[in-house]
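Have a look at the structure below before the remarks.
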Amino acid sequence: QVQLVESGGGLVQAGGSLRLSCAASGRTLTGYGTAWFRQAPGKEREFVAAISWLGRYTNYADSVKGRFTISRDNAKITVYLQMNSLKPEDTAVFYCATRRSVRGLTDKDEYEYWGQGTQVTVSS
């Protein structure tokens, strides 16, 4: 079994920054990529960013390109999401998810394992 635990959410003013972490444990995750999704109240869960196991492949939603950066530290089995220039419309619960290959995959139904989420609130 795989456990994913997100952390780093909180309340921040517009224009501010946060760094989210996704720590994995359980069965071996060698070769697994990781993605971040978010879900605002009343909206569908949407793709934010993804990174491959070695970090050579990254993908971002258009709405966060240039503001968010996904990275990983495999020694710590942790994936990060650095979020800069935050906007009120970024307010959501952010989830990390993992599967064997993430290349080109932005549909939440394609991902096997999920964390419990961390709340990000951006005030105007």
Side-chain angles (χ1 to χ4, degrees):
Q1 194 57 279
V2 173
Q3 291 82 43
L4 301 176
V5 179
E6 302 96 336
S7 61
L11 173 64
V12 64
Q13 288 188 331
S17 299
L18 284 174
R19 188 177 80 155
L20 305 184
S21 298
C22 172
S25 62
R27 56 163 287 182
T28 181
L29 292 174
T30 301
Y32 276 59
T34 302
W36 286 96
F37 288 78
R38 65 185 180 185
Q39 188 166 16
K43 294 189 176 181
E44 291 284 319
R45 192 170 299 189
E46 65 175 3
F47 172 80
V48 175
I51 188 168
S52 61
W53 169 250
L54 292 178
R56 295 171 182 168
Y57 167 84
T58 58
N59 187 28
Y60 295 91
D62 288 343
S63 59
V64 306
K65 280 181 181 176
R67 300 189 298 124
F68 291 10
T69 302
I70 191 169
S71 61
R72 68 186 305 143
D73 181 343
N74 286 344
K76 298 180 180 179
I77 322 177
T78 300
V79 172
Y80 304 98
L81 185 68
Q82 178 66 43
M83 307 186 295
N84 299 328
S85 302
L86 283 162
K87 305 175 182 179
E89 50 263 44
D90 293 317
T91 295
V93 178
F94 281 70
Y95 300 88
C96 63
T98 189
R99 56 163 289 135
R100 180 157 290 282
S101 174
V102 298
R103 182 176 290 273
L105 296 178
T106 61
D107 186 338
K108 62 184 185 302
D109 295 330
E110 299 282 354
Y111 286 78
E112 295 180 68
Y113 303 104
W114 291 83
Q116 83 292 345
T118 185
Q119 176 71 47
V120 171
T121 303
V122 185
S123 63
S124 57

Could you pull out the closest heavy-atom pair between [X] and [Y], with the gap in Å?
| X | Y | value |
| --- | --- | --- |
| Arg72 | Gly55 | CD-N, 4.2 Å |
| Tyr111 | Ala50 | OH-CB, 4.3 Å |
| Ala35 | Phe47 | CB-CE1, 4.3 Å |
| Ser124 | Pro88 | CB-CG, 3.9 Å |

ask   = Does Gln82 use its side chain to pair, donor to acceptor, with the backbone of Arg19 at less than 3.5 Å?
value =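 Such a contact is absent between Gln82 side chain and Arg19 backbone.
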message = Given 3.5 Å as the limit, does a donor-acceptor pair link the side chain of Asn74 with the main chain of Leu54, or not?
response =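 Checked: no pair found.
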Listing request: all salt bridge (charged side-chain N to carboxylate O under 4.0 Å, His left out) pairs with a residue in [range], at least two apart in sequence or in separate chains.
| range | answer |
| --- | --- |
| residues 75-84 | none |
| residues 113-124 | none |
| residues 48-62 | Asp62-Lys65 |
| residues 91-106 | Arg99-Glu110 |

Those residues that, when tested against [X], pass side chain to side chain contact (heavy atoms under 4.5 Å, CB included) (two or more places apart):
| X | value |
| --- | --- |
| Val2 | Leu4, Arg27, Leu29, Thr98, Tyr113 |
| Glu89 | Lys87 |
| Lys108 | Phe37, Glu44, Arg45, Trp114 |
| Asp109 | Asp107 |

task = Would you indicate whether the side-chain heavy atoms of Tyr32 and Thr34 approach each other to under 4.5 Å?
result =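 Not touching, per the 4.5 Å side-chain cut-off.
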request  = State, yes or no, whether a side-chain contact exists between Thr91 and Gln119 at a heavy-atom distance under 4.5 Å.
outcome  =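 Yes, their side chains come closer than 4.5 Å.
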message = For residues 17-124, which residue pairs pass the disulfide (SG to SG under 2.5 Å) check, not counting sequence neighbours?
response =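 Every pair satisfying disulfide (SG to SG under 2.5 Å) with a residue in residues 17-124: Cys22-Cys96.
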key: Pairs touching residues 45-89 that satisfy disulfide (SG to SG under 2.5 Å), sequence neighbours left out   =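 Every pair satisfying disulfide (SG to SG under 2.5 Å) with a residue in residues 45-89: there are none.
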ask   = Residues two or more places apart in sequence or in another chain: which of them pass side chain to side chain donor-acceptor pair (under 3.5 Å) with Arg67?
value =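 So Arg67 forms a side chain to side chain donor-acceptor pair (under 3.5 Å) with Asp90.
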query = Mind checking who shares a hydrophobic cluster with Val79, ILVMFWY linked at side-chain heavy-atom distances under 4.5 Å?
reply =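 Same cluster as Val79: Val12, Leu18, Leu20, Trp36, Val48, Ile51, Tyr60, Val64, Phe68, Ile70, Leu81, Met83, Leu86, Phe94, Val120, Val122.
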